[in-house]
Structures are given as C-alpha cells and as structure tokens.
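Have a look at the structure below before the remarks.
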Amino acid sequence: MNLKDLLTALKGRTKAIALAAVLISAGALFWFANIAAVPFHPDESTEIYMSGDLKTLLRSPFGMAYPRGEKRRAHYRLVDAPLTRYAIGVGLALAGEQPTKTDWDWSKTWQENKRLGALPSERQLLAARSAIAALAFASAVLIFAVGARLGGLAAGLLAFALVLLNPLALLHARRAMMEGTLLFGVALTLWAITARNPKPWLVGLAFAIAVNAKPWGIGLLPAAALALAQDGSHIHKKALHRWGIALLTAMLVTFALNPVFWKKPSQATLAALRERFATTASQQKEYSAVAPFMVPKGLKAKSAVVLGHLYFAPLQFMETGNYKHELAPAIRAYEANPLNRWGRNITVGGLLFILTLLGFLAMMTEFRRPPVLATIIATLGMGSTITLAIPLNFQRYVVGLLPFVELSIAFGLALMLRRIRANTEHKQA
C-alpha cells in the first residue's frame, strides 16, 4: 500500500469513527434525558434498600455470610443475584445518598410504605437509576462493537440504535432493577466471545458478571466454551487450559461477590436453592389463584409469553394492581411520548419478528466465521434458557434477549444494504 492509499484509508476510517462518536453521543443524551419520568416499580425500593450491602461488602463481608444477618436481608442474599444492588450502592455513594431505611412491603398501602421509609426520594431514585442506566447504555455501546464485528459499521450502528430505541429497554433497563445489569452482562459476554482471539480471563469475567446480574446468564455458557475452544476453523490446542482459566476467573469473581457463601458454602447453597424454589412456588400459587394467565405452563405457553412480550404486548408497568391508582399519573405521562411505546402492536411487532428471523437465517449462512457462530450459539442458549426458566408472565424477564433480537435485525439489514450496493455498482460498471 502506497502513501496515497494509506491516507485514503485513514480518511475513510476517521469519517466512520466521527460518525459513530456523534451517534453514540446523541444516543446518550436521548437515553438519560427523561430517566426520572420512568414510572416507579416497588421492586426498585427493594434493590435500593439492599444496596447497603456494598458498604458491608467493603467493611465487614463476613457479616453477610450464611446464616448471619437480618432475616429479610439474608433472604435476598440467598435468592437474588448481587450485582444490581452493588451497582446501585455505587450510584448512591457518588450522589451522596443513602439506601432506603426499610424494604417495600407489598401487604401495606402506598402511604404506609412511604411513612415507614420504603419509598425512595427523588434524589435516591435518580441516583440508583442512573447507575443501572449507565450499565445499560454501556451495553448498547458494546452491542455496537459486536454488530460492527459481525456485519460492519452499518450493522453496529443499527444494533446500537435499536437497543436504545426499544421500548422494553427504555422502560425496564432504566429502572433500579436487575434488567439493566443483566443487559450489561450479556453484552459484555458477547463482546468478549466475538473477539478475534477471545481472552479466557475476560470471557470468564464477563460470564461471571452476567450470572451475578441474574442466574439466567448461565445460558451464555455454551457460547463462551465454544469461543474459547475455537482457533479459526480448528479446535484450539490449548482449549482445556483456556477453559480452566475462564472457569477459575468466573468462580473467583462469583465467590468474591457473594459473601453469603463464604463460611458454609454447601449449607448456604442448599438454603439458596430451597428458598429460591419456595419463593417461585409461592408467587406462582398466588398468581394462579387470581390471574392464571400470569403462570405459563408448558413450552408452548412459555414461548408465547416470551415472543409476545418481545414484539407485541403493550408495556407492562406493573405485574399486580396493588398501586394502580398511585402509579396511573406517571404511566399516563410516560405513554404520552410516542417514542416510549412505539411498535407495540401486531403490525410493527410482526415486521420486527420477521426481520429477526431473516437476520438470524442470514447469520446461519455465515456460521463458519467464529464471531458469527459464537453469536448464534449465544442466541440459542439464552433464548432456550429464558424460555424454559420463565416462571411468570412478567415482561421484564425477556429484556436479556434484546441484544440478540437487535443484532439479528441489524445483521440482516446491513447484509441487504451491502448486496443492494454491490448490485448497483455492478450495473454501473
């Protein structure tokens, strides 16, 4: 390559980088602009209440070890992944705010919870949401990078825009709950496994973050294992060694983030499984008594729930009607902005579903490329995990699948644009 060709290449690359920077900056302004307008969910109060664990982790982590600790906190440490509450703790600390005094009690009225200190102030809520929204926005940037690896700059920018504009992400990933954190874990893992030469320690770290955001991140394991075992079109000669590094990293990170298992790991693990299953069974029993449609049974029903919420169903601001009156004004104001709820109908949703299928089929035609194959396996792994595990008809449970939907759509559209451009240039030649 001569100097002229090099300058031309650099000029084109500079323009691409400048375009990406402008669009990412505009996306950030859009993403954070009206974060306070997102309707409140009482589970945000629980996460803010539990964010006090960050200080305990740093000062006296053995105080969190099973079976020690206040009963309610001990329960959450056993049944919930820890990363969201730590992230919220960081957000509160940076804003000079403290966690809420008490956990939300669903058996009490809105005013009773407020009087007891369970309702976060505007500053507390904004600080907590900002931390999770920042992780979710970082997810969109990582998805941009993954999309660019798979299908070029156009695919990356399309995937980035689709994530930020998706009404499910705008609602569920900007609240102080697990969805934004899981989105980050999934995106980070995808970014790690689609690298030209995936680093075992980074894959292990990213996978640990996904699992500690929500256990459903386990669905990424097959893709992570495959990515580390590949060496182009061959099996890596050090595959076992690479798996060992990734597994050790994931285990160490998980252990460090969960002091509840430090003193009595086997007993704590059994207690965690017992309480998790008991909690899920209790929720399913309660919903079955008043709203059976909220408890999908069988693969067909669960698949319908996942697809319905991904593409068609109206936004689900609450899963129960406990505080419908108190939340109604915020919900009306939020829905008044068409950008917050666009496409939640059979026409647009159906089109997006078709584009997802076509994009995924387009990926299948290029499965010999390691990054594409890793993405395909990750899509199948997370899709099957969430579909099989989903216990209730909760819309927020499908947010972890958004990166795969948007990457498939973006890949297919970018491929179509490239082919149209190639045909046009061929005819002009």
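Note that the coordinates shown come from a computational prediction; the quantities given were computed from them, not determined experimentally. For this chain, numbers begin at 1 and follow the sequence in order.
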- Report yes if the side chains of Arg85 and Thr46 come closer than 4.5 Å at any heavy-atom pair, otherwise no. no

- Message: Restricting to non-hydrogen atoms, name the atom on His309 and the atom on Ala313 that form the minimum distance, rounded to 0.1 Å.
- Response: ND1-CB, 3.7 Å

- How about Gln267 and Tyr66: do any of their side-chain heavy atoms sit closer than 4.5 Å? yes

- Message: Let me confirm one number: the CG-CD1 distance from Leu183 to Ile132, rounded to the nearest 0.5 Å.
- Response: 11.0 Å

- Query: Which one of Thr181, Leu58, Leu257 satisfies the side chain to side chain contact (heavy atoms under 4.5 Å, CB included) criterion with Tyr86?
  - Reply: Leu257

- Task: Could you check if a side-chain atom of Thr249 sits within less than 4.5 angstrom of a side-chain atom of Pro200, using non-hydrogen atoms only?
- Result: no

- Message: Would the distance check show the side chain of Gln316 and the main-chain N or O of Gln395 forming a donor-acceptor pair, the cut-off being under 3.5 Å?
- Response: yes

- State which residues pass ring pair (Phe, Tyr, Trp, His ring centres under 6.0 Å) with Tyr76; sequence neighbours excluded, sorted by chain then number. none

- Trace of the side-chain contact (heavy atoms from CB on, under 4.5 Å) decision for Met294 with Thr320: CA-CA 10 Å; Met294 292 294 289; Thr320 68; over 6 Å; no

- Item | More than 12 heavy atoms from other groups under 6.0 Å of CZ on Phe277 | no

- Message: Could you measure the distance from the CZ atom of Arg115 to the CH2 atom of Trp110? Nearest 0.5 Å is fine.
- Response: 14.5 Å

- Hey, mind stepping through Asn113 and Tyr323 against side-chain contact (heavy atoms from CB on, under 4.5 Å) and telling me if it holds? CA-CA 11 Å; Asn113 275 294; Tyr323 310 105; 3.7 Å; yes

- Query: Between atom CD1 of Ile377 and atom CG of Leu380, what is the distance when rounded to the nearest 0.5 Å?
  - Reply: 5.5 Å

- Task: Indicate the atoms forming the closest heavy-atom contact of Ala169 with Trp31, along with that distance.
- Result: O-CH2, 3.5 Å

- Query: Between atom CG of Leu182 and atom CD1 of Ile386, what is the distance when rounded to the nearest 0.5 Å?
  - Reply: 6.5 Å

- Which pairs, with at least one residue in residues 324-366 and sequence neighbours excluded, count as a ring-ring contact (aromatic ring centres under 6.0 Å, His included)? Tyr311-Phe353, Phe317-Tyr334

- Query: So, for Thr254 and Ala250, which heavy atoms are closest and what is the spacing to 0.1 Å?
  - Reply: OG1-O, 2.8 Å

- Query: Applying salt bridge (charged side-chain N to carboxylate O under 4.0 Å, His left out), which residue pairs with at least one partner in residues 72-84 are found, sequence neighbours left out?
  - Reply: Asp53-Arg77, Arg72-Asp103, Asp80-Arg276

- Supply the atom-to-atom distance Met178 CE to Ile88 CD1, rounded to the nearest 0.5 angstrom. 9.5 Å

- Is the number of heavy atoms from other residues, nucleotides or ligands within 6.0 Å of NZ (Lys199) greater than 12? no

- Task: Flag this pair as yes if the NZ/CZ of Lys214 is under 6.0 angstrom from the six-membered ring centre of Trp216 and inside a 45 degree cone about the axis; otherwise no.
- Result: yes

- Task: Answer yes or no: does atom CD of Glu70 have more than 12 heavy-atom neighbours from other residues, nucleotides or ligands under 6.0 Å?
- Result: yes

- Message: Can you tell me if Trp104 has over 12 outside heavy atoms packed within less than 6.0 Å of its CH2?
- Response: yes

- Query: Within a strict 4.5 Å, meaning less than it, do heavy atoms of the Thr84 and Met177 side chains meet?
  - Reply: no

- Item | Leu392 and Gln284, any side-chain heavy atoms less than 4.5 Å apart | yes

- Message: Quick one: does any side-chain atom of Asn258 pair with a main-chain N or O of Val260 as donor and acceptor, under 3.5 Å?
- Response: no

- Message: Is there a side-chain contact between Phe62 and Trp262 in this structure, where contact means two heavy atoms from C-beta onward sitting under 4.5 Å apart?
- Response: yes

- Task: Quick one: pull up CG in Leu315 and CG in Leu170 and give me the separation to the nearest 0.5 Å.
- Result: 9.0 Å

- Just wondering, do Leu407 and Met363 contact through their side chains at under 4.5 Å, heavy atoms? yes

- Query: Does Glu97 come within less than 4.0 Å of Arg123, counting only side-chain N to carboxylate O?
  - Reply: yes

- Item | salt bridge (charged side-chain N to carboxylate O under 4.0 Å, His left out): pairs with one or both residues in residues 382-411, sequence neighbours excluded | Asp43-Arg396, Glu319-Arg396

Under 3.5 Å donor-acceptor pairs involving side-chain atoms of residues 150-163, not counting sequence neighbours:
none

- Note on the structure: On a heavy-atom basis, the closest approach of Ser408 and Thr356 is CB-O, 3.6 Å

- Query: What residues, two or more places apart in sequence or in another chain, satisfy ring pair (Phe, Tyr, Trp, His ring centres under 6.0 Å) together with Tyr287?
  - Reply: Phe394

- Report the C-alpha separation of Phe137 and Ile24 in whole Å, then their side-chain angles, then the decisive distance to 0.1 Å, and conclude whether the side-chain contact (heavy atoms from CB on, under 4.5 Å) test is met. CA-CA 10 Å; Phe137 181 76; Ile24 289 173; 4.0 Å; yes

- Note on the structure: Taking every heavy atom of Ala378 against every heavy atom of Leu190, the minimum-distance pair comes out as CB-CD2, 3.8 Å

- Message: Walk me through whether Leu116 and Asp105 qualify under side-chain contact (heavy atoms from CB on, under 4.5 Å).
- Response: CA-CA 10 Å; Leu116 291 170; Asp105 189 336; 5.8 Å; no

- Message: For the CH2 atom on Trp106, are there more than 12 heavy atoms of other groups (residues, nucleotides or ligands in this structure) within a distance under 6.0 Å?
- Response: yes

- Nearest non-hydrogen partners of Val186 and Leu220, listed with the distance: CA-CD1, 4.0 Å

- Message: Tell me whether Arg344 contacts the main-chain N or O of Pro167 through its side chain, where contact means a donor paired with an acceptor under 3.5 Å.
- Response: no

- Task: Would you mind reporting whether Phe207 and Ile218 have side-chain heavy atoms less than 4.5 Å apart?
- Result: yes

